[in-house]
Amino acid sequence: MEALVQEKKVSSIGVSDLDHQLLEALCLKAQVQPSSCQVNLASCCVIPPDLTTFASENNIQLLTHNDPTDILPLGPFQDALGASVRGPGTAQWAPRWILRYSAIIKNRGIIKSKGYVVKAERAAAHY
């Protein structure tokens with residue numbers, strides 16, 4: 001994602017569900033700083049003051065979301081995979097990470113498109 005920002009193909013990147021320590025560690029290592037950090041409302045009712053201070057000092061916008069912690073559980077993932085892929089073996093696949101994206105029209109705040117990218121891996125076959 002950092003390369004896409006550096007190539008000016010993406011205008012900004014953000015993160016979610018990081019506490020103050022993780023966000024600070026990321027900022028120390030990242031070539032491109034996140035412009036936003038989303039905090040799950042289920043994990044806290046009030047954003048921790050240390051996170052608020054760090055975000056403010058580093059020009060990181062704090063946002064909230066209420067997504068479930070497991071966006072794509074194994075069962076529904078395998079059901080969706082089985083519905084779109086022919087042949088046996090879909091039970092061997094599991095999602096490893098999920099990226100949610102939104103493309104917003106600059107200066108208008110209108111969502112042009114949004115979706116998910118999923119990385120899945122197949123368990124090694126046992127012979």
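Counting from 1, the numbers follow the sequence of the chain as shown.
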- [ ] Indicate, with yes or no, if Val32 and Val15 share a hydrophobic cluster defined by side-chain heavy-atom contacts under 4.5 Å among Ile, Leu, Val, Met, Phe, Trp and Tyr.
- [x] no
Open item on the list: Does Gln6, at its CD atom, have more than 12 non-hydrogen atoms belonging to other residues, nucleotides or ligands within less than 6.0 Å?
Closed with: yes
Open item on the list: As a quick check of understanding, evaluate side-chain contact (heavy atoms from CB on, under 4.5 Å) for Leu62 and Thr52, giving each step before the final call.
Closed with: CA-CA 7 Å; Leu62 290 178; Thr52 302; 4.0 Å; yes
TODO: Quick one: list whatever passes side-chain contact (heavy atoms from CB on, under 4.5 Å) with Ala30, sequence neighbours left out.
DONE: Glu2, Leu26, Gln33
Open item on the list: For the OG atom of Ser36 and the CD1 atom of Ile13, what is their distance to the nearest 0.5 Å?
Closed with: 9.0 Å
TODO: Dump the intermediate steps for side-chain contact (heavy atoms from CB on, under 4.5 Å) on Asn58 and Glu24, then the final yes or no.
DONE: CA-CA 9 Å; Asn58 290 276; Glu24 185 173 8; over 6 Å; no
Open item on the list: Could you work out, with salt bridge (charged side-chain N to carboxylate O under 4.0 Å, His left out) as the rule, every residue matching Glu57, not counting sequence neighbours?
Closed with: none
Open item on the list: Any non-hydrogen side-chain atom of Phe54 less than 4.5 Å from a side-chain atom of Ile60?
Closed with: yes
Task: Val117 side chain near Trp97 side chain, heavy-atom distance below 4.5 Å - done: yes
TODO: Just do the side-chain contact (heavy atoms from CB on, under 4.5 Å) check on Leu63 and Val39 with the steps written out, would you?
DONE: CA-CA 6 Å; Leu63 306 167; Val39 178; over 6 Å; no
TODO: Kindly compute the distance separating CD1 (Ile47) from OG1 (Thr64), expressed to the nearest 0.5 Å.
DONE: 6.5 Å
Open item on the list: Going by ring pair (Phe, Tyr, Trp, His ring centres under 6.0 Å), name the residues that satisfy it together with Phe77, two or more places apart in sequence or in a different chain.
Closed with: none
Task: Residue list, salt bridge (charged side-chain N to carboxylate O under 4.0 Å, His left out) with Lys9, at least two apart or on another chain - done: Glu7
TODO: Kindly indicate whether the side chain of Val5, heavy atoms from C-beta on, has any atom under 4.5 Å from the side chain of Ser11.
DONE: no
Open item on the list: Is the shortest side-chain heavy-atom distance between Pro34 and Leu23 below 4.5 Å?
Closed with: yes
TODO: Output the distance between atom CD (Gln61) and atom CD (Gln38), rounded to the nearest 0.5 Å.
DONE: 9.5 Å
- [ ] Show which residues join Ile110 in its hydrophobic cluster (side-chain heavy-atom contacts under 4.5 Å, direct or indirect), or state none.
- [x] Ile105
- [ ] Count the heavy atoms of every other residue, nucleotide or ligand shown that sit under 6.0 Å from CG of Asp70, and state whether that count exceeds 12.
- [x] yes
Open item on the list: In the structure I gave you, are the side-chain heavy atoms of Asp67 and Arg100 within less than 4.5 Å of one another anywhere?
Closed with: yes
TODO: Evaluate the criterion side-chain contact (heavy atoms from CB on, under 4.5 Å) for residue pair Leu72 and Tyr116; output intermediate values, then yes/no.
DONE: CA-CA 10 Å; Leu72 186 57; Tyr116 296 89; over 6 Å; no
Task: Residues forming a salt bridge (charged side-chain N to carboxylate O under 4.0 Å, His left out) with Arg108, sequence neighbours excluded - done: none
Task: Backbone N/O of Ala91 and side chain of Gln78: donor-acceptor pair under 3.5 Å - done: yes
